[in-house]
Amino acid sequence: MLELGTIKTTIRETMDILTIPTHPFEGQKPGTSGLRKKVEIFKQPHYLENFVQSVFDTLPGHEGQTLVLGGDGRFYNREAIHIILRMAAANGFGRVLVGRGGLLSTPAASAIIRKYQAFGGLVLSASHNPGGPDGDFGIKYNIGNGGPAPERITEAIHARSREITEYKTLKFEEIPLDVCGTYNLMGTTVEVIDSVTDYAELMESLFDFEAIRTLLKSGFRMRFDAMHAITGPYATEIIERRLGAPTGTVMNGTPKPDFGGGHPDPNLTYARDLVKVMYGDDAPDFGAASDGDGDRNMILGRRFFVTPSDSLAVIAANAEHVPGYRGRVTGVARSMPTSAAADRVAAALGFESFETPTGWKFFGNLLDAGRITFCGEESFGSGSDHVREKDGLWAVLYWLNILAARGESVEDILRHHWQRFGRDYYTRHDYEEVDATVAKALYSDLKARLPALLGQRFGVRTVTLADDFAYTDPIDGSVSDGQGLRILFDDGARAVLRLSGTGTVGATLRVYVERYEADPARHDMNPQVALAELIDVVDALSQLKQRTGRTQPSVIT
Ligand code: G16
């Protein structure tokens with residue numbers, strides 16, 4: 001290990017660039033969406049710096065270019081922003097666009113990278129994971145198309161982090177992050193920008209704001225839960241100021257470093273405040289929530305939950321109501337564990353559909369090539385080619401646009417959708433913070449059993465395919481294997497088991513099951529009942545409950 005603390009100095013213009021010796025840290029491997037760890041790990045001397053330098057070292061040609069920088073405002077965001085600003089200047093970036101207060105939602109960061117044709121961006125977030133001193137922190141690099149870096153880049157960053165011996169920074173007072181303006185950081189221009197206006201204008205260019213305004217004036221009531229996270233200022237500007245919803249429509253709208261002590265994950269378990277309103281007496285017509293960094297969304301009607309898989313299908317099926325998408329849908333993509341509902345829409349309406357591994361980065365090539373217009377995941381993410389991230393508020397506005405155009409309730413829209421395309425019953429069971437060794441053994445044991453499952457019968461179903469999902473990108477031919485164990489049955493039902501790539505404690509096992517039901521007379525079942533048999537098959541094959549010692553999943557979505 002190198003001795004830390006010996007500082008070499010060189011001169012760049014009028015200031016000292018400090019070259020700080022360091023040593024590699026274990027485990028700086030980006031997961032499904034960047035590097036996510038406990039705050040205390042990130043706060044170790046040199047930890048964040050090593051990762052950032054590893055990113056810069058793998059980006060040839062970044063000198064003189066523009067970097068976008070911002071985060072979801074969680075604990076340690078501000079310190080991290082200053083560390084990165086100094087390093088970006090010392091590494092020769094020409095300009096850094098930083099969100100005011102160091103804040104940028106993930107979709108806004110993507111929009112800013114694209115609008116200002118930046119070289120790339122660093123987004124500080126651990127998404128929906130809890131924040132605060134004992135919570136999680138995270139960082140990821142987005143490329144010039146505005147999307148998460150593809151695997152070949154994240155692998156190069158990881159490789160670099162394993163051999164790093166020094167990083168560059170400089171001595172500089174902190175620049176004032178809370179005031180928009182342009183500052184000279186010893187030769188690098190730092191622009192503190194307000195991304196809310198840019199983002200709101202992008203949304204106005206896609207949706208029929210006039211129709212939504214009329215809807216909101218007509219007695220239609222809605223609530224949006226920002227979960228004390230980054231979307232608050234964006235939602236307040238768009239939903240309350242520009243669309244005229246009453247003050248208070250946006251709940252928990254002030255971002256807090258610890259998300260008010262909550263878990264900023266928009267699902268029925270964690271978005272408690274919203275769920276209480278939407279399932280209470282006198283519930284509004286429409287409810288929605290977004291997560292820590294603003295890229296996830298949950299859609300609710302009055303006492304009615306829309307699964308993310310169904311939401312994507314409804315979005316794809318209703319493009320003719322939405323000005324930004326009318327007449328120009330080329331295709332739709334979903335992650336492998338997401339239900340096949342969107343595929344059915346694509347087949348019926350005559351556009352392409354794709355099945356990619358979990359992770360938004362896998363949509364980037366298809367979007368860039370114009371092969372898809374919409375994409376989404378079961379993990380409460382949906383988006384389009386307007387940016388290269390999933391976009392929580394975008395989905396909410398898309399739904400409002402559909403509601404305004406169709407004049408039906410959320411529930412009626414879903415019921416009519418199922419009548420037309422059939423219903424894909426779907427659920428996901430998560431087992432969080434499982435002992436990592438137990439989880440890995442369980443996973444590899446099931447994987448080893450897969451070949452023997454072919455042709456086996458489970459109740460009314462026979463296995464037609466059992467494999468570890470591998471994906472060949474149709475655009476660049478790159479292959480990503482080991483993406484999740486799947487068991488397909490002859491009636492179109494399916495069970496999937498994956499290890500999450502976003503948790504920070506132990507391992508999270510995810511079980512996803514679905515089955516198709518064409519008959520509208522059978523569209524009223526409780527999904528947990530409709531899918532109980534399939535859940536039992538996964539449990540019997542993997543011995544999940546016995547091996548993990550869990551009787552219940554931590555979260556059911
Ligand atoms: C991230 C990724 C998504 C992925 C989700 C869950 O979302 O961007 O593509 O579906 O994690 O991944 P996993 O199942 O591996 O935990 P986010 O909102 O956390 O950035």
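These numbers come from the heavy atoms of this one structure, side chains and all, not from hydrogens, waters or symmetry mates.
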Are Y398 and F374 an aromatic pair by the rule of ring centers under 6.0 Å? yes

We want to know whether D343 and S353 form a side-chain donor-acceptor pair, criterion being a heavy-atom distance below 3.5 angstrom. no

Taking the basic N atoms (NZ, or NE/NH1/NH2) and the acidic carboxylate oxygens, is any pair closer than 4.0 Å for D178 and R100? no

Which label fits F363 and W360: parallel for a plane angle under 30°, tilted from 30 to 60°, or perpendicular past 60°? perpendicular

Taking ring-ring contact (aromatic ring centres under 6.0 Å, His included) as the definition, give me every residue that meets it alongside Y199, ordered by chain and number, with sequence neighbours left out. Y234

Hydrogens and angles aside, do T373 and Y325 bring a side-chain donor and acceptor to less than 3.5 Å of each other? no

For P176 against V192, the heavy-atom pair lying closest together: O-CG2, 4.0 Å

Could you label the plane-to-plane angle of the F207 and W394 rings as parallel, tilted or perpendicular, counting under 30° as parallel and over 60° as perpendicular? tilted

Inspect the contact between R494 and E378 and indicate whether a charged nitrogen and a carboxylate oxygen are less than 4.0 angstrom apart. no

Side-chain donor-acceptor contact under 3.5 Å, S110 with N142: no

For E517, run the side chain to side chain donor-acceptor pair (under 3.5 Å) check against H523, R522, R423 and tell me which one passes. R522

Residues E355, R334: salt bridge by 4.0 Å N-O rule: yes

Quick test of your reading of the model: are R223 and D225 salt-bridged, counting only N-O distances below 4.0 Å? no

Could you verify whether a donor N or O on one side chain and an acceptor N or O on the other, from D391 and H386, lie under 3.5 Å apart? yes

Thinking salt bridges, do R114 and D198 make one under a 4.0 Å N-O criterion? no

Please determine whether a side-chain nitrogen of the Lys or Arg among K140 and E389 lies less than 4.0 Å from a carboxylate oxygen of the Asp or Glu. yes

If I compare all heavy atoms of W399 with all of S311, which pair ends up nearest, and what's the gap? NE1-OG, 3.0 Å

Under 3.5 Å, is there a donor-acceptor pair between the R95 and T189 side chains? no

Spell out, as yes or no, whether a donor-acceptor pair under 3.5 Å connects the side chain of D291 to the backbone of R296. yes

Would D385 and R328 pass as an ion pair if we require N to O under 4.0 Å? yes

Regarding R406 and D412, does a basic nitrogen lie under 4.0 Å from an acidic carboxylate oxygen? no

Geometric class of the W418/F304 ring pair [parallel <30°, tilted 30-60°, perpendicular >60°]: tilted

Could you tell me which non-hydrogen atom of S290 sits nearest to which non-hydrogen atom of D295, and how far apart they are? OG-N, 4.3 Å

When you measure from the side chain of R388 to the backbone N and O of N365, does any donor-acceptor pair fall under 3.5 Å? no

